[in-house]
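Numbering of ligands and ligand atoms starts at 1, following listing order. In what follows, residues are counted from 1 in the order of the sequence shown.
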Amino acid sequence: MKNIAIFASGSGSNAENIANYFAGSSYAQVSLIVANNPNAYVLERAKKLNIESLTVTKAEFMAADSLIEELKKRDIDFIVLAGFLLLVPQKFIEAYPGRIVNIHPALLPKHGGKGMYGDRVHQAVVEAGDTESGITIHLIDVDYDKGPTFFQATCPVLPTDTPDDVPTKVHAREYKHFPHVIEEILHTLD
Ligand code: GAR
């Protein structure tokens with residue numbers, strides 16, 4: 001059984017969706033949820049899902065060593081960043097080489113980089129007059145949003161779309177694709 005840890009900073013709807021996807025699997029399971037904000041709603045979801053959670057401060061996350069130790073103690077094989085807003089320090093990348101995946105709510109390399117997360121990304125897409133957006137699932141490198149892309153899916157952006165329409169379409173792609181793409185990446189590591 002492969003053990004997945006999900007790192008999230010906010011609502012955690014992707015975390016819940018991924019946990020439910022693997023709930024019946026004998027291949028992989030979400031065994032830990034890590035939040036960097038004690039008020040993140042993802043912690044409520046973890047409770048409801050009966051999944052262990054840990055909260056870390058930004059300083060603890062950046063120092064890395066103690067969290068890496070906690071992950072190793074729990075035999076975590078793979079890390080999923082699902083709405084996680086801190087830059088992953090080099091020590092994590094060395095501890096989990098090729099085993100950290102992120103989802104970005106746009107078509108990288110457009111609208112990525114420091115400070116580009118959540119609604120800010122969707123706003124940038126609309127302001128740029130883009131006719132499509134989508135999701136990018138990529139492995140993590142030292143720079144924000146720069147690791148090799150594993151998967152993209154697109155959605156149309158229409159001139160009639162309200163500011164809520166774009167995130168709704170993007171979230172739908174995330175829910176549909178992120179879990180099976182994680183499973184595919186896990187299989188490449190077998
Ligand atoms: C998701 O749309 C994810 O792609 C985005 O945050 C949202 C989290 O939603 N991630 C980023 O913007 C990272 N740069 P959720 O907490 O409901 O899963």
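- If you check each of G10, G12, A8 against atom 16 (O) of ligand 1, the one with the closest non-hydrogen atom is G12.
- Checked by distance only, ligand 1 and N14 come closer than 3.5 Å through their nitrogen or oxygen atoms.
- Heavy-atom contacts of S11 reach the following atoms of ligand 1: 16 (O), 17 (O) (cutoff under 4.0 Å).
- At distances below 3.5 Å, at least one donor-acceptor pair connects side-chain atoms of Y27 with backbone N or O atoms of L186.
- Each of the atoms 6 (O), 8 (C), 10 (N) of ligand 1 lies under 4.0 Å from some heavy atom of G83.
- Across the listed options S13, G112, S9, S13 owns the non-hydrogen atom lying nearest to atom 15 (P) of ligand 1.
- At distances below 3.5 Å, at least one donor-acceptor pair connects side-chain atoms of D77 with backbone N or O atoms of N3.
- The hydrophobic clustering, which links ILVMFWY residues whose side-chain heavy atoms are closer than 4.5 Å, places I140 and F7 together.
- Considering backbone and side-chain atoms alike, L85 places every N or O at 3.5 Å or more from each N or O of ligand 1.
- The atoms of ligand 1 that sit less than 4.0 Å from any heavy atom of M116 are 14 (N).
- Ligand 1 has G118 within reach: a non-hydrogen atom of the residue lies less than 4.0 Å from it.
- Taking the six-membered ring for Trp and thresholds of 30 and 60 degrees, H177 and H180 have ring planes more than 60 degrees apart, a perpendicular arrangement.
- Between the side chain of D165 and the backbone N or O of T162, at least one donor-acceptor pair lies under 3.5 Å.
- For Y117, no nitrogen or oxygen atom sits less than 3.5 Å from a nitrogen or oxygen atom of ligand 1, counting backbone and side chain alike.
- Close contacts between ligand 1 and I103 involve ligand atoms 4 (O), 10 (N), 13 (C) [criterion: under 4.0 Å to a heavy atom].
- Salt bridge annotation for E69-K72: absent, with no cationic side-chain nitrogen under 4.0 angstrom from a carboxylate oxygen.
- Remark: side-chain polar atoms of E60 are paired, donor with acceptor, to backbone N or O of T57 under 3.5 angstrom.
- Listed by atom number, the atoms of ligand 1 under 4.0 Å from H104 heavy atoms are 14 (N).
- For ligand 1, none of its N or O atoms has an N or O atom of N102 under 3.5 Å away.
- In summary, the aromatic rings of F61 and F92 are positioned with their centroids under 6.0 Å apart.
- Linking ILVMFWY side-chain heavy atoms closer than 4.5 Å, directly or via other members, places L189 and I6 in a single hydrophobic cluster.
- Selection from E16, E174, H122 by nearest heavy atom to atom 4 (O) of ligand 1 gives E174.
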